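The figures that follow rest on heavy atoms only: side chains count, while hydrogens, waters and symmetry mates do not. One-based numbering along the sequence shown. These numbers were taken from a predicted model, which means no experiment stands behind them.
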Amino acid sequence: MYKMFNTNGYCDPEVNYMVDLSGRLEKIRHMVDAGMYFTINRARQYGKTTTLSALADYLRKDYEVISLDFQTISYADFESEQNFVAAFSREILDCAENLPGEVREKLELYSTGTVREATLSVLFKSLIKLCKVSDKKIVLMIDEVDSATNNQVFTDFLAQLRAYYLKRKRTPTFQSVILAGVYDVRNIKRKIRSDEEHKTNSPWNIAADFEVDMSFSTQDIAGMLEEYEADYGTGMCIEEIAELIYCYTSGYPYLVSRICKLIDEKVAGSDEYPDRSRAWTKDGFLEAEKMIVKENNTLYQSLIGKLNDYPELKQVLYDLLFKGKPIPYVATNSYIEMASMFGFLKNDRDSAVVSNRIFETVLYNYFVSEEFAVSEMYKAGVQEKNQFIIGGHLNVRLILEKFVETFDYLYGDQDEAFLEDAGRRYFILFLKPIINGIGNYSIEPETRNSERMDLVIYYHGEQSIIEMKVWRGNAYNERGEKQLLGYLDHYHLNKGYMLSFNFNKKKEIGVKEIALGDKVLIEAVV
């Protein structure tokens, strides 16, 4: 059967290339066996639905699994208890395979929506009856639970689940309840009384922590590629491609699958990569990476939407990316919590960092795009762009020369604080129109700080590394040169570039060439 990479909804191992989920399913099975109630809250397109579907199949030998999807319940169904009970009953009737006759009759009656006494309490009596008479213990799974989180009826439903969980030693109830969505429903608050003086508590505070890693490791990606390679025999270096994909995506499931899909369906068969063997290479991967950062998918729309919703988040991300200012990871901070929940930030040694390099590039592009219409530096890049491409190759030295000239002309009289904050952004603004359409760039995250940032330019299969730094004296400059040499060795390059923002009044503006052993360093000073 013909298989393909899938980025739209549930993945089926029969028709889609996908990672092996057995290890994750085994860990979740241990939680189910222990009778835990828990929430799988992960970012959008993080494999929740696929995991739940695979888990249902995995558990069915030993458990009766009732798997519901709240996307199929309309908003109106949450407006009243009677409507919710009717909709919930219909869902169980559709998916439960072994309903006892008495329970089925009750649910069929409730499902009509005409029984006024069909309250949550009445519904749960039927569910408890089902748990009591079932030959197997029952696991209840509800996907897309987010669609209900703003409704009081759903909050009351959670409270009922909680109440029966707490008395499960006396009353038969579900073996395990699993809720899946982006938002963590443990944060839903419910009034104990109508009196405003009383505190609130969560109706889902019984939920166990879900600590199963759902991101894809390099080994996971390699396993998926091995299956693909068995079908097509491209000759790819699986370890290299898997490591590249992980390096840029940090294992974000959608991004992993999207990169693979682009290589397979867009890069392969193009003029430059006419077959799969040429596409599944480092250059083919970089071509796919260039495509994915230019897309306007729902993930990016959600990311940009959160920046507009949380101006503080937008400012700290700007400071992090362009100024190298660290962001302490404080989980109780509202915008950090929101960005983490949506998968855009992660905790890296108590610092908040952008989750992966693809998101970083999307953010860089977004921030500089806000200035396209007004930036004199961007306009200069547009006007000068044709002279930098010689025989299909990017003349990086000439780019630096023109940037130094333009920067000094436009901003040479600005104060030090302005230039230190804005210098690196201005270079990206100048570079963007020059490489746009053919080339791409990325920032090496481990070198980004208040004094240094390494930018890698990709153009027609060639790489150029530019270290952008603030001048802190000769000793610091020499350390920067040594660090750049290390990067040149890593990328197997003989020539590197350095762009120094020097605020010494006696500085010598311009571009010069320095020989460092067998390497050549082109240094530009502004």
Side-chain angles (χ1 to χ4, degrees), residues 1-25 28 39-60 65-75 77 87 90-92 94-95 139-149 178-185 210 212-216 220-221 223-225 227-228 231 245 249-266 288 291-292 295-303 305 341-344 355-356 358-359 362:
M1 180 180 293
Y2 174 74
K3 284 189 174 185
M4 62 189 300
F5 294 103
N6 180 37
T7 55
N8 298 314
Y10 162 68
C11 288
D12 183 345
E14 295 295 321
V15 296
N16 301 129
Y17 294 108
M18 54 185 292
V19 305
D20 181 6
L21 298 178
S22 57
R24 294 167 179 78
L25 298 180
I28 301 174
T39 301
I40 302 178
N41 62 287
R42 291 293 186 273
R44 299 189 189 283
Q45 296 177 289
Y46 218 88
K48 298 183 294 295
T49 299
T50 296
T51 299
L52 283 185
S53 179
L55 180 64
D57 293 338
Y58 190 74
L59 295 175
R60 280 199 172 97
V65 179
I66 298 178
S67 183
L68 311 180
D69 186 342
F70 270 7
Q71 275 195 130
T72 62
I73 298 180
S74 70
Y75 184 81
D77 291 329
R90 289 193 295 269
E91 288 299 305
I92 293 181
D94 286 343
C95 74
V139 176
L140 175 65
M141 302 193 308
I142 305 177
D143 196 10
E144 299 293 345
V145 76
D146 307 70
S147 56
T149 53
I178 307 169
L179 307 180
V182 174
Y183 293 90
D184 188 348
V185 297
F210 182 77
V212 178
D213 186 1
M214 292 178 64
S215 65
F216 297 161
D220 289 330
I221 299 168
M224 179 172 60
L225 294 181
E227 185 181 3
Y228 178 90
D231 287 343
I245 293 173
T249 65
S250 295
Y252 196 114
Y254 171 82
L255 298 178
V256 171
S257 296
R258 186 61 182 162
I259 283 281
C260 292
K261 189 174 182 67
L262 287 171
I263 296 175
D264 181 52
E265 298 180 12
K266 300 294 184 180
M291 293 177 182
I292 197 172
E295 291 182 336
N296 183 25
N297 56 49
T298 55
L299 261 185
Y300 303 162
Q301 292 168 6
S302 180
L303 171 57
M341 184 169 62
F342 277 85
F344 307 136
S355 295
N356 56 71
I358 289 178
F359 283 168
V362 169

S.K.: Nearest 0.5 Å please: distance from the CD1 atom of Ile263 over to the NZ atom of Lys266.
M.R.: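 Reported to 0.5 Å precision, the distance equals 14.0 Å.
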
S.K.: Without hydrogens or angle criteria, can the side chains of Thr72 and Glu91 be said to hold a donor-acceptor pair below 3.5 Å?
M.R.: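 There is such a pair (donor and acceptor under 3.5 Å, judged by atom type) between the side chains of Thr72 and Glu91.
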
S.K.: So, taking the atom named CD1 in Ile142 and the one named CG in Leu68, what distance separates them when rounded to the nearest 0.5 Å?
M.R.: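 Answer rounded to 0.5 Å: 5.5 Å.
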
S.K.: For the residue pair Arg42 and Val212, what are the closest heavy atoms and their distance?
M.R.: NH2-O, 2.9 Å

S.K.: In Å, rounded to the nearest 0.5 Å, how long is the span from CD1 of Ile40 to OG1 of Thr49?
M.R.: 10.0 Å

S.K.: Side chains of Cys95 and Ile66, heavy atoms from C-beta outward: is any pair under 4.5 Å?
M.R.: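 They are in side-chain contact.
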
S.K.: Would you please test Thr50 and Leu21 for side chain to side chain contact (heavy atoms under 4.5 Å, CB included) and show each step?
M.R.: CA-CA 9 Å; Thr50 296; Leu21 298 178; 4.0 Å; yes

S.K.: Start with the C-alpha gap between Ser302 and Phe342, add the side-chain angles, then the distance that decides, and say whether side chain to side chain contact (heavy atoms under 4.5 Å, CB included) holds.
M.R.: CA-CA 8 Å; Ser302 180; Phe342 277 85; 3.5 Å; yes

S.K.: If you compare all heavy atoms of Cys260 against all heavy atoms of Ile245, which two are closest, and at what distance to 0.1 Å?
M.R.: SG-CD1, 3.8 Å

S.K.: For the CZ atom of Phe216 and the OH atom of Tyr254, what is their distance to the nearest 0.5 Å?
M.R.: 13.5 Å

S.K.: Give a yes or no on whether the backbone of Tyr10 and the side-chain of Asn6 come within a donor-acceptor separation of less than 3.5 Å.
M.R.: yes

S.K.: Testing Lys261, Met18, Arg258 for side-chain contact (heavy atoms from CB on, under 4.5 Å) with Phe5, which one passes?
M.R.: Lys261

S.K.: Could you tell me whether the side chain of Ile358 reaches within less than 4.5 Å of the side chain of Tyr252, counting heavy atoms only?
M.R.: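 Contact flag for Tyr252/Ile358 side chains = no.
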
S.K.: One pair to check against side chain to side chain contact (heavy atoms under 4.5 Å, CB included): Phe210 and Ile28. What are the steps and the verdict?
M.R.: CA-CA 9 Å; Phe210 182 77; Ile28 301 174; 3.8 Å; yes

S.K.: Report the distance from atom OG of Ser67 to atom CD1 of Ile92, rounding to the nearest 0.5 Å.
M.R.: 11.5 Å

S.K.: Within a strict 4.5 Å, meaning less than it, do heavy atoms of the Gln301 and Asn296 side chains meet?
M.R.: yes

S.K.: So which atom in Ile73 and which in Ala87 form the shortest heavy-atom distance, rounded to 0.1 Å?
M.R.: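 Here Ile73 and Ala87 meet closest at CG2-CB, 3.9 Å.
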
S.K.: Which pair of non-hydrogen atoms, one from Val182 and one from Met341, has the smallest distance, and what is that distance?
M.R.: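 Answer, listing the atom of Val182 first, then Met341: O-CG, 3.3 Å.
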
S.K.: Decide side chain to side chain contact (heavy atoms under 4.5 Å, CB included) for Thr298 and Gln45; before the verdict, give the C-alpha distance in whole Å, the side-chain angles of both, and the deciding distance to 0.1 Å.
M.R.: CA-CA 9 Å; Thr298 55; Gln45 296 177 289; 3.4 Å; yes

S.K.: Mind checking the CG-CE spacing from Asn16 to Met4? Nearest 0.5 Å is all I need.
M.R.: 7.5 Å

S.K.: Please tell me if the side chains of Leu299 and Phe359 come closer than 4.5 Å, counting only heavy atoms from C-beta onward.
M.R.: yes

S.K.: Side chain of Ser250, backbone of Ser355: donor and acceptor closer than 3.5 Å?
M.R.: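 Checking the backbone N and O of Ser355 against the side chain of Ser250, a donor-acceptor pair under 3.5 Å is found.
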
S.K.: Can you find a heavy atom in the side chain of Val256 that is under 4.5 Å from one in the side chain of Val19?
M.R.: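 Of all side-chain heavy-atom pairs linking Val19 with Val256, none is under 4.5 Å.
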
S.K.: Consider side-chain hydrogen bond (donor to acceptor under 3.5 Å, both in side chains). Of Thr51, Asp220, Asp213, which one does Arg24 pass it with?
M.R.: Asp220

S.K.: Could you tell me if the side chain of Gln71 sits less than 4.5 Å from the side chain of Asp143, heavy atoms only?
M.R.: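 No, every pair of side-chain atoms sits at 4.5 Å or beyond.
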
S.K.: Between the side chains of Asp231 and Tyr17, does any donor sit under 3.5 Å from an acceptor?
M.R.: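 Yes, side-chain donor-acceptor contact under 3.5 Å.
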
S.K.: For residues Tyr46 and Asn41, determine if any side-chain heavy atom of one lies less than 4.5 Å from a side-chain heavy atom of the other.
M.R.: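 Side chain of Tyr46 against side chain of Asn41, heavy atoms only: no contact under 4.5 Å found.
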
S.K.: Is it true that Asp146 and Lys48 make a salt bridge, defined as a side-chain N closer than 4.0 Å to a carboxylate O?
M.R.: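 Salt bridge between Asp146 and Lys48, a charged N being under 4.0 Å from a carboxylate O: no.
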
